[in-house]
Amino acid sequence: MTPHLLDKGYEPREVEKRWYAYWEEEKLFAGKEKSDRKSFSIVIPPPNVTGVLHMGHALNNVLQDILCRYRRTRGDNVLWMPGTDHAGIATQNVVEKHLASEGKDRHQLGREQFIETVWQWREKYGGAIINQLKRLGASCDWDRERFTMDEGLSRAVRKVFVDLYDQGLIYQGNYIINWCVRCHTALADLEVEHEELDGHLYYILYPFPDGHGGITVATTRPETMLGDTAVAIHPDDERYGDLTAHTVILPLMQKEIPIIQDAYVDASFGTGGLKVTPAHDPNDFEIGRRHDLPVVKVIGDDGFMTAEAGRFTGLERFECRKAVVEALSASGLLQKIENHPHGVGHCYRCGTVVEPNLSKQWFVKAKPLADKAADAVRKGRTKIVPETWENTYFDWLDNIRDWCISRQIWWGHQIPAWTCGECEQITVATATPTVCPECGSRHLVQETDVLDTWFSSALWPFSTMGWPDDTELLKTFYPTSVLITAFDILFFWVARMMMMGIHFMGEAPFEDVYIHAIVRDEEGKKMSKSKGNVIDPLLVMDRYGTDAFRFTLAAFAAQGRDVKMSERRVEGYRHFINKLWNAARFSLMNLGETAPAVPDAPAEGFSLPDRWILSRLRRVMQTEQEALDAYRFNDAASALYQFIWHEFCDWYLEAVKPTLYGEKGEAEKAAALYVLWRTLKDALILLHPFIPFVTEEIWHKLPGTEGSIMTARFPADDPTQPTLRQDPDAEAHMALVMDVITGVRNIRGEMNIAPSVALAATIQSPDDKTRQLLTAHREIIVNLARLSQFEITLPGEHPASAAAAVIEGATIFVSLEGIIDFGKEIERLEKEIGKLQKELKGISKKLSNEDFLDKAPEAVIQKAKDRHESLAEKSQKLQTNLDRIRSLAS
RNA sequence: GGGCGGAUAGCUCAGUUGGGAGAGCAUCGGCCUUACAAGCCGAGGGUCACAGGUUCAAGCCCUGUUCCGCCUACCA
């Protein structure tokens with residue numbers, strides 16, 4: 001083969017496509033239903049079928065993929081369960097918009113046809129996000145892909161609904177719910193996004209019937225007054241102590257309504273008078289119930305005023321607000337308007353201002369389920385990482401309110417409840433009933449509402465595995481090992497899966513829940529235009545390659561902090577990919593086509609750099625293992641980065657080049673080739689979870705590998721390879737050698753001496769061991785420091801015209817005969833001494849503190865003493881040299 | 001109203017039981033040293049937001065303050 005086994009630069013695009021197809025073809029993502037191996041399972045947070053991959057998805061799925069791929073190398077039977085979510089409201093909106101562009105609406109189609117249209121739409125466009133996940137490299141078990149609306153999951157939904165209904169945990173009732181007038185459906189409390197807006201507080205006088213005085217109420221939503229059925233005051237409010245009137249006249253409606261007393265009223269707010277609108281405010285609704293008030297619904301489900309709104313009937317709600325204010329103003333009853341910032345609820349799907357509205361809906365009685373869900377975490381059966389999220393989780397569950405699960409849309413799981421046309425009996429059943437069990441009538445009408453999408457998502461960890469059937473898959477993979485998600489769906493999804501999982505499976509669905517950061521700008525919400533940091537992950541992958549993108553995300557994924565994505569950062573990690581590529585290219589040039597044999601007596605036969613890099617390799621393995629086991633993705637990523645670039649490339653490869661070129665003999669070369677091969681091979685396995693494509697590509701070019709890198713064992717677990725161990729001696733010795741080289745390079749750099757100029761250096765050390773070590777490895781030093789001469793001696797006469805550097809136990813002199821710039825060297829030494837002195841001062845102070853000597857642990861004191869001694873020695877030596885240079889200069 | 005998080009180098013951020021302030025990028029200087037100029041070698045740069053406290057010792061623990069972000073809440 002030519003030496004150019006790899007091209008000079010890494011071209012990700014073609015490589016990524018090729019290997020992903022290969023992995024799928026070889027079924028390497030498949031989890032085994034039955035296996036002796038340890039199970040590791042993750043269910044994907046199902047993206048919406050309408051979704052397009054954004055940064056949040058990218059981060060979320062890359063982290064999952066890293067864990068899955070890592071666990072495979074550790075030998076686990078891994079199942080990553082993929083799928084999508086039918087996203088009721090969102091999807092219906094998308095399809096309706098599409099229909100609108102053709103001049104149609106869903107009512108023209110009718111329910112059945114509309115649903116058919118949505119399925120067709122999904123068929124056509126719904127796969128987009130799946131392909132985008134594949135683009136990311138996601139190693140999901142695609143053959144098991146599920147959809148919340150598919151047959152099996154629908155069956156699970158029905159069973160859960162029926163069971164909960166039978167257990168009294170689902171009920172139907174008339175309550176104030178959040179109503180989106182645009183989506184024309186009820187929303188759960190969670191689905192309302194509150195936004196602080198600059199509103200107004202309107203003070204309105206409700207006159208007494210006798211025309212003398214009245215009660216002033218304050219409201220932010222004056223249009224609701226049309227539906228007022230009382231005015232409430234606090235029973236102890238002294239201002240109203242001598243009230244004789246029992247009613248007031250509701251302005252604009254000329255209706256007499258009662259004055260009631262209720263402790264709910266906050267006497268300190270406004271005038272202490274509260275208008276009561278039972279049909280349009282949850283608190284007013286409760287007050288209404290207590291006082292048996294009539295309920296008058298003045299705002300219709302379409303957002304227009306109802307027939308109950310008198311002369312305002314037919315006005316759009318905000319138009320009505322204006323009209324009401326004007327009318328009040330004209331009648332002189334509007335006493336004042338104050339600016340009043342307050343939170344206004346918006347529909348999380350379309351952004352429309354939500355209307356609290358009285359409506360008959362289905363609810364889940366959440367408390368009993370929530371208690372168990374909280375308990376599972378309190379008892380440690382499920383661990384939330386980072387732990388700080390546990391409080392948020394508890395807070396929500398402990399104060400949970402019933403969950404409104406019915407939606408007045410068409411796309412979703414239709415509620416399995418039937419009302420008898422004759423006796424009005426409600427039948428809830430998994431199988432569609434044909435006759436009313438009460439009266440035998442065949443006139444049954446199914447509830448038209450569908451269920452909240454999150455109702456079906458809540459079942460995801462077990463419904464995807466075949467529940468309610470007792471499947472092998474469930475036995476093997478439930479509960480799942482970890483759920484990886486962002487905190488924005490902690491309540492929507494995680495808490496509800498916990499509730500349903502415990503209730504129906506008897507066991508919490510996850511061992512761990514890892515909450516990762518959020519890429520906040522991806523929705524453009526908090527983004528400032530000037531920053532312009534909305535980034536399309538697909539574009540990033542196009543531009544820099546998927547591996548670079550993935551590595552960036554992993555490096556960013558520090559616990560407890562938001563991710564700010566920047567293309568420049570991705571660019572930096574593309575350089576890393578390229579670095580790895582080139583290191584592999586270099587290695588392959590030297591390795592040829594066969595895997596090197598393990599040298600006979602490795603411990604003896606290996607050179608210092610060989611022993612050193614193997615020790616470092618063992619260490620990075622350990623670091624990765626610990627980091628990933630604790631979900632510290634960034635720690636793992638940066639350890640690998642550091643290892644590859646700065647240890648393997650910068651030091652190891654440079655140090656062994658002469659050996660590889662045969663300058664040290666065949667035995668040494670053979671040993672080095674083995675170590676080079678082994679290190680690269682193992683490093684690829686370690687890197688693979690993060691950067692699967694480039695590692696697979698190199699793996700296949702590397703001799704002595706078989707099949708996909710996906711089937712390779714984590715090196716520390718691999719019984720077919722000689723065991724690696726840490727080698728502290730090699731690390732210490734190499735550190736000395738590196739110090740010497742860095743010392744010379746420092747002088748070279750500071751003195752602006754070109755690398756092409758070979759230098760003569762002398763190193764003086766009183767320590768036999770040090771001199772011996774340096775002698776043994778002098779060629780590495782000569783080579784990497786670019787020396788023409790290198791003497792190792794006992795301390796003695798300082799060479800003339802030399803710059804000096806001091807390291808632990810030795811002084812390096814670099815001869816600058818003829819090229820020395822005394823001024824520069826004096827400056828350099830002064831600077832260095834200055835730094836040392838500053839640090840010395842701090843330590844001296846500490847050491848002269850009796851309290852410190854008295855109370856600090858012995859080890860800490862000793863460390864300080866050692867450090868002091870070493871710094872003092874260093875400083876003193878440099879000072880000697882400085883004095884000498886000064887005398888030479890003058 | 002309640003709660004959480006953040007403030008560390010020019011930028012983006014690490015810093016896990018309190019004991020010598022780190023990385024990447026950017027900047028500056030020197031290099032085409034035959035894997036990589038998407039590179040190599042070297043350098044500069046920080047009162048760890050502010051004020052107190054605990055401690056022999058604080059980026060880290062405690063109290064308060066100021067900014068920023070988020071979550072949550074039925075005060076009209």
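Among the atoms of the strands shown, only primed sugar atoms or phosphate atoms (P, OP1, OP2) are found under 4.0 Å from some heavy atom of A:T219.
To the nearest angstrom, C1' of B:U72 lies 14 Å from CG of A:D398. Spacing between atom CG of A:D635 and atom P of B:C13 amounts to 17 Å, rounded to whole angstrom units. Rounded to a whole Å, the CZ atom of A:R568 is 12 Å from the C1' atom of B:U27. What separates CZ of A:F551 from P of B:A23 is a distance of 16 Å, to the nearest Å.
Nearest-nucleotide positions on RNA chain B place A:R632 closer to the 5' end than the other of A:R632 and A:G273.
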Would you write out the dot-bracket form of RNA chain B, 5' to 3', with Watson-Crick and G-U pairs under 3.5 Å, [ ] for crossing pairs, | for pairs to other strands and . for unpaired bases?
(((((((..((((.....[..)))).(((((.......))))).....(((((..]....))))))))))))....
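A donor and an acceptor atom, one from each side chain of A:Q862 and A:D866, are located under 3.5 Å apart.
Ring pair A:Y573/A:Y544: centre-to-centre distance not below 6.0 Å.
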Across nucleotides 35-42 of chain B, 5' to 3', mark each nucleotide with B, S or - according to how protein heavy atoms within less than 4.0 Å reach it.
BBSBSSSS
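Between A:F269 and A:H340, the two ring planes are perpendicular [angle over 60°; tilted spans 30° to 60°].
Taking the ring centre of A:Y641 as origin, the terminal cationic atom of A:K579 falls outside the region bounded by 6.0 Å and 45° from the ring axis.
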